[in-house]
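These notes are about the structure you will find just below.
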Number of protein chains: 2
Amino acid sequence: MFTQSEENYLKAIFQLQEEIEGGISTSSLSEKLETKAASVTEMLKRLSDKELVDYQKYYGVQLTESGRKQALLIVRKHRLWEYFLVERLNFNWDEVHEVAEQLEHIKSPKLVEELDSFLGRPEYDPHGDPIPDKHGKLPKSPTKKLSQLKLGDHGICKGFNDNSSAFLQFLDKQNIGLHTPIEVLHIETFDESMTIKIAQREVLLSKTATDNIYIDNIATEA
Amino acid sequence: MFTQSEENYLKAIFQLQEEIEGGISTSSLSEKLETKAASVTEMLKRLSDKELVDYQKYYGVQLTESGRKQALLIVRKHRLWEYFLVERLNFNWDEVHEVAEQLEHIKSPKLVEELDSFLGRPEYDPHGDPIPDKHGKLPKSPTKKLSQLKLGDHGICKGFNDNSSAFLQFLDKQNIGLHTPIEVLHIETFDESMTIKIAQREVLLSKTATDNIYIDNIATEA
DNA sequence: TATAATATTTAGGCAAACCTAATTATTTAT
DNA sequence: ATAAATAATTAGGTTTGCCTAAATATTATA
């Protein structure tokens with residue numbers, strides 16, 4: 001068994017590995033986990049002793065196969081609980097993160113499988129993030145970012161990459177949510193900001209925003 | 001906020017107070033929590049500093065009003081989760097205890113209230129134990145122990161006082177469960193063991209067993 | 001390429017919770 | 001009422017996980 005803290009480190013390393021290739025730096029982990037670099041170094045040694053990560057002093061860490069498996073289980077639990085909170089307990093999708101951070105550490109294989117089955121084996125959580133199955137397999141994820149669409153493209157929001165409350169509340173305010181259909185009306189060349197159409201309204205989004213919105217691309221205007 | 005360990009102590013003190021009048025001894029807590037007496041003493045000082053308990057060296061502890069309120073919240077969460085696990089996730093009632101011990105520490109007032117509402121505001125958990133409401137109020141509990149019934153009495157099982165797996169499995173084997181109707185056929189005078197009728201079968205129960213079974217008394221034979 | 005800037009690690013501390021062993025208080029029994 | 005038995009507390013140690021400050025390694029710059 002692993003401590004909650006160990007699990008948090010494994011999850012953080014996993015998530016950084018999705019974004020960055022190569023070894024994950026001490027400082028990126030210390031930033032993500034809001035802890036000091038010295039604490040990270042210490043924990044990486046522990047995780048390395050338990051063979052959950054490959055750690056080279058001064059050159060970062062990567063998960064071992066065993067560490068990756070564990071990380072996927074934590075992600076699975078986190079996302080299943082988020083789904084439960086939103087779909088069954090009337091949470092808003094921007095309220096669930098903190099609670100799911102606690103629930104993901106509950107240890108009971110039976111609980112995870114029964115919860116999954118109770119929820120109808122969902123493939124995506126309320127943020128559109130894919131839920132690993134019990135073997136750690138991820139469903140194919142919506143790959144295009146909104147920023148990759150071209151003028152006139154149509155699509156449907158399938159996920160968001162930034163889970164901060166600020167971003168999620170911004171989206172809410174703009175009426176952008178999961179399964180919202182959008183259309184690209186204009187792209188500013190100098191800063192790549194985008195005007196999109198959402199339910200009859202026109203909304204301007206920065207490149208930062210469009211980079212963090214995943215889209216299922218439906219069709220392109222002739 | 002309180003640590004998990006502090007919460008476990010508060011719950012344990014609360015439960016011992018239900019059984020025993022007066023101050024709760026260090027040794028009874030150390031036994032219940034499976035920890036050494038020295039650790040208990042240490043924690044009692046901490047809880048006393050936080051004004052959750054009244055602690056007199058060598059003379060035991062009792063919860064303060066604030067400690068009791070906190071303990072009731074933990075009990076509430078524990079029993080709501082047990083209900084959820086049994087009624088929604090297909091757990092058997094003798095499998096839920098360990099998982100509920102973890103879930104009871106999740107901190108989110110909204111989660112507790114939404115879960116309660118989702119479950120239909122149940123009054124009793126799967127062991128028949130009463131679930132405190134959000135203000136800490138307990139529904140009137142089935143008060144009679146099976147051991148208090150007299151020859152010829154009829155009743156319905158409403159709860160059990162010993163949550164050990166061994167006891168719960170024993171009950172299962174005898175087909176004694178929640179809402180099972182029983183009838184007292186015979187009481188042995190020398191050891192107070194009892195023969196009861198359950199669904200056409202006769203079962204002999206020790207005083208230890210009958211002390212741990214709660215009954216709604218229905219009627220007495222003429 | 002040497003030096004400055006930055007990142008990382010080491011060293012030494014702290015608090016929570018546990019432990020064992022030794023001491024002290026209370027209770028029981030003679 | 002005192003001695004023996006039992007219970008509780010204190011003293012001192014351990015592990016986890018965090019911290020700050022100092023030292024060292026790596027990277028960037030002049």
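Letters A, B, ... are given to chains in the order of the sequence lines, protein chains preceding strands, and every chain is numbered from 1.
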A:Glu188 atom CD, over 12 foreign heavy atoms within 6.0 Å: yes
Listed partners of A:Arg121 passing salt bridge (charged side-chain N to carboxylate O under 4.0 Å, His left out), at least two apart: A:Asp116
Can you say whether the rings of A:Phe167 and A:Phe170 are parallel (under 30°), tilted (30 to 60°) or perpendicular (over 60°)? parallel
Rounded off to whole Å, could you give me the CD1-to-P distance for the A:Ile24 and C:dA7 pair? 16 Å
Which pairs count as ring pair (Phe, Tyr, Trp, His ring centres under 6.0 Å) when at least one residue sits in residues 88-107 of chain B, sequence neighbours excluded? B:His78-B:His97, B:Trp93-B:His127, B:Trp93-B:Phe160
Within the structure provided, determine whether B:Gln17 and B:Arg68 are in side-chain contact (heavy-atom separation under 4.5 Å). no
Salt bridge (charged side-chain N to carboxylate O under 4.0 Å, His left out) contacts in which one or both residues fall within residues 49-62 of chain B, not counting sequence neighbours: B:Glu6-B:Lys50
Can you classify the ring geometry of A:Phe84 versus B:Phe118 as parallel (below 30°), tilted (30 to 60°) or perpendicular (above 60°)? perpendicular
What distance do B:Glu95 atom CD and B:Ser165 atom OG have between them, rounded to the nearest 0.5 Å? 8.5 Å
Rounded to whole angstrom units, what separation is found between the CZ atom of B:Phe2 and the C1' atom of C:dA16? 16 Å
Which pairs count as ring pair (Phe, Tyr, Trp, His ring centres under 6.0 Å) when at least one residue sits in residues 32-63 of chain A, sequence neighbours excluded? none
One should read off an interatomic distance between A:Phe2 CZ and A:Lys107 NZ, to the nearest 0.5 angstrom, of 9.0 Å
So, OP1 or OP2 of C:dT9: does either fall under 4.0 Å of a side-chain N or O from A:Tyr55? yes
A:Ala38: partners by side chain to side chain contact (heavy atoms under 4.5 Å, CB included), with sequence neighbours left out: none
Among residues 33-41 of chain B, which ones have heavy-atom contacts with DNA chain C below 4.0 Å? B:Thr35, B:Lys36, B:Ala38, B:Ser39
Of all of residues 5-12 of chain B, which get a heavy atom below 4.0 angstrom from DNA chain D, listed by number? none
Got a salt bridge between A:Lys110 and B:Glu98, using NZ or NE/NH1/NH2 to carboxylate O under 4.0 Å? no
So which of residues 43-50 of chain B are in contact with DNA chain C, with a heavy-atom cut-off of under 4.0 Å? B:Met43, B:Arg46
What is the distance, to the nearest angstrom, from the CD atom on B:Gln4 to the C1' atom on C:dA17? 13 Å
If you count heavy atoms of other groups shown closer than 6.0 angstrom to NZ of B:Lys69, is the number above 12? no
First and last nt of DNA chain D near chain B, cut-off under 4.0 Å to heavy atoms, 5' to 3', are D:dA8 to D:dT10
Looking only at non-hydrogen atoms, find the nearest pair between A:Leu44 and A:Val61 and report the distance. CD2-CG1, 3.8 Å
Quick one, B:Gln4 and B:Gln102 - any side-chain contact, counting heavy atoms below 4.5 Å? no
Base-contact (B) and sugar-phosphate-only (S) positions in nucleotides 23-29 of chain C, heavy-atom cut-off under 4.0 Å, - elsewhere: -BSS---
Salt bridge (charged side-chain N to carboxylate O under 4.0 Å, His left out) partners for B:Lys207, two or more places apart: B:Asp211
Can you list every stem that DNA chain D is part of, counting only runs of 3 or more consecutive Watson-Crick or G-U wobble pairs with both distances under 3.5 Å? C:1-30 with D:1-30
